[in-house]
Amino acid sequence: MSAQPEDLAEARALLASARALLGELVEEGLTTYEPAAHPPLAEPMTPATPALERPTRPVASPTTPTPSGSPPATESIQQPPEAPAWGPEPTLEAVREALGDCRRCQLCAGRQKIVFGDGNPDADLLFVGEAPGENEDRQGLPFVGRAGELLTQMIEKGIGLARSDVYICNIVKCRPPGNRNPLPPEVSACRSFLDGQIDAVRPKVIVTLGRPAASLLLGRDVAITRTRGIWQEYRGIPLMPTLHPAYVLRQYTAETRRNVWEDLKAALARVHEG
Ligand code: URA
């Protein structure tokens with residue numbers, strides 16, 4: 001039986017995702033890997049990020065509950081729009097409305113809620129993470145788990161802003177199964193909505209959290225431990241790449257925490273400059 005083009009595209013996407021994860025593990029200090037002797041073929045994927053316990057927060061942004069049962073038939077997955085359905089100065093509501101009950105990629109099959117974004121629509125600081133996890137999926141809000149708790153502390157105790165002063169969103173708006181990294185077709189399907197959110201909020205500074213968000217917005221694969229703390233730009237907006245709070249939780253050292261704090265202080269200083 002010969003491989004179909006879709007199978008090859010899927011295999012390539014999985015390979016890219018595995019390569020990105022491996023890169024992160026190497027950055028975190030992985031030097032050796034002992035595979036299990038004979039892993040069963042049907043073993044579930046190991047989550048890239050551990051499932052984390054999250055506190056409850058009031059639902060403050062539009063979310064759409066979707067059926068979480070059986071996956072939709074392939075033909076019910078819409079194609080990403082050629083051009084966004086909003087103008088050059090959209091509102092978050094217009095972008096959210098265009099997203100609708102999104103079926104543009106396979107992530108719609110497993111989600112409970114779309115996690116669009118949260119926070120001040122006129123924020124000076126906009127944070128971009130990777131993808132919703134289990135609790136985000138349940139609550140329809142970004143960064144509400146342990147990583148979110150740390151992000152909130154970094155914003156509130158670290159630089160003295162309220163979480164509600166900033167805007168927080170992710171590369172993809174639906175939870176990847178088992179918290180795996182989003183695949184390239186999923187990232188592409190969501191891309192115009194992330195750009196729409198940036199156009200709507202028009203922040204003075206973007207802060208990317210972790211390697212995937214920095215790599216996506218900079219258009220190249222970055223090593224986050226080397227790139228963090230160095231000013232970049234995305235479509236004319238100053239961009240500060242910093243570490244993902246889930247990484248900080250895994251590498252909970254004074255140095256990692258200080259690095260993120262310094263990046264956030266630099267981001268806030270840039271906001272105050274102009
Ligand atoms: N990690 C992310 O990148 N985004 C979330 O919303 C939660 C955890």
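Both counts, for ligands and for their atoms, begin at 1 and track the order of listing.
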Kindly confirm or rule out an N or O of F143 lying under 3.5 angstrom from an N or O of ligand 1.
-> yes
Ignoring angles and geometry beyond distance, decide whether G133 reaches within less than 3.5 Å of ligand 1 through its nitrogen or oxygen atoms.
-> no
For ligand 1, the portion of P245 having any non-hydrogen atom under 4.0 Å away | neither
Sorted by chain and residue number, the side chain to side chain donor-acceptor pair (under 3.5 Å) partners of R258 (sequence neighbours excluded) come out as none
The side chain to side chain contact (heavy atoms under 4.5 Å, CB included) partners of E93 (sequence neighbours excluded) come to T91
Subset of ligand 1 atoms that lie under 4.0 Å from at least one heavy atom of [X]:
{"X": "P142", "result": "6 (O)"}
{"X": "G129", "result": "3 (O)"}
{"X": "E130", "result": "2 (C), 3 (O)"}

After noting the C-alpha distance and the side-chain angles of Y167 and D124, does the key distance pass the side-chain hydrogen bond (donor to acceptor under 3.5 Å, both in side chains) rule?
-> CA-CA 8 Å; Y167 190 76; D124 289 334; over 6 Å; no
W261, V248: one ILVMFWY side-chain cluster at the under-4.5 Å cut-off?
-> no
May I ask you to say whether D118 pairs ionically with R163, meaning some side-chain N is under 4.0 Å from a carboxylate O?
-> yes
Examine ligand 1 and decide if any of its atoms is less than 4.0 Å from a heavy atom belonging to A246.
-> no
Between the main-chain N or O of D122 and the side-chain N or O of N120, is there a donor-acceptor pair closer than 3.5 Å?
-> yes
